[in-house]
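To start, the structure under review is shown below, and the notes come after it.
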Amino acid sequence: MAERAEQFLASFNRIEKWMQDELGNPHNMGFSELVRRLDKQHNPEISNAADDLLQMARLRNAIVHDQVDEDFVIAEPNEWTVKRITEIEQHLTKPEHVLPKFAKRVTGFEDTLPITEILETIAKKGYSQFPLYHQGQFKGLITLRALGYWFARESLKGDIHLEGRIAADLILKDGKSTNYRFVSGEALIIEVKHFFENDPLLEAVLITKNGDPNGNLVGIIRPRDLFHKKERNGQ
């Protein structure tokens with residue numbers, strides 16, 4: 001059998017074993033059904049690769065069942081397929097955690113900070129996220145989008161006067177969905193990616209050691225960090 005076919009089958013079998021373990025080793029459940037079952041359970045590791053895995057199940061059947069002889073198979077995986085199934089196997093069997101990859105010094109701000117200073121920080125440092133605290137208690141996350149929404153609402157009242165206005169005034173109190181989420185350093189990157197894919201309002205995932213909102217921030221993940229969107233430097 002060709003080397004690529006052997007590599008493909010080895011990864012395929014390890015993925016199948018991983019899925020069986022995830023589902024408690026169900027009796028007589030085929031590869032495709034394992035994929036569909038885990039996908040229906042919204043398993044993030046499988047959901048992001050389900051379509052590819054189902055296609056690979058067909059290829060695997062062609063390799064194993066349509067083999068002409070020991071040294072020749074009718075269907076042989078190409079280089080992309082071998083690379084892709086190896087990549088999926090790595091994600092499943094050795095999932096990457098958010099730390100240390102997204103470890104970063106994140107600056108927190110007191111909610112008494114004048115709005116004018118926030119605008120100055122944006123202009124000078126290019127920051128786009130401002131985690132707000134009140135005496136160590138997390139209160140909310142101000143982003144450029146949230147800031148723009150606040151200015152739009154304030155403009156409906158007439159001229160906008162910033163004198164005496166503080167960061168706490170920027171926190172929306174009208175029941176809108178939050179634009180942040182906290183995770184611990186043990187959270188999986190694939191899970192965070194799933195959060196962003198399923199919540200268009202989510203602007204940042206904040207990392208603390210234990211996922212406690214009032215703990216020290218040790219990292220931050222924005223959509224562009226996972227989906228390779230170019231944006232200016234800054235927090």
Under 3.5 Å side-chain donor-acceptor pair for Ser47 and Asp39: yes

Arg181, CZ atom: more than 12 neighbouring heavy atoms under 6.0 Å: no

No-hydrogen, no-angle side-chain donor-acceptor test under 3.5 Å, Gln129 and Thr143: no

Heavy-atom donor-acceptor pair, Asp169 side chain to Arg165 backbone, under 3.5 Å: no

More than 12 heavy atoms from other groups under 6.0 Å of CG on Asn216: no

Contact summary for Ile166 and Asp111, nearest pair of heavy atoms: CD1-O, 3.6 Å

Exercise: identify the closest heavy-atom pair between Leu162 and Thr116: CB-CG2, 4.0 Å

Minimum heavy-atom distance Val106-Gly219, with the two atoms named: CG2-C, 3.8 Å

Flag side-chain contact, heavy atom, 4.5 Å: Ile88 against Asn48: no

Verdict with supporting geometry, Tyr180 and Phe138, ring pair (Phe, Tyr, Trp, His ring centres under 6.0 Å): CA-CA 12 Å; Tyr180 60 87; Phe138 181 80; 5.0 Å; yes

Polar contact flag, side-chain donor to acceptor under 3.5 angstrom, Gln20-Asn25: no

Side-chain heavy atoms of Ile171 within contact of Leu141, under 4.5 Å: no

Beyond-backbone contact of Phe102 with Val192, side-chain heavy atoms, under 4.5 angstrom: no

Mutual orientation of the aromatic rings belonging to Phe109 and Phe130 [parallel < 30°, tilted 30-60°, perpendicular > 60°]: tilted

Asp51 atom CG, neighbour heavy-atom count above 12 within 6.0 Å: no

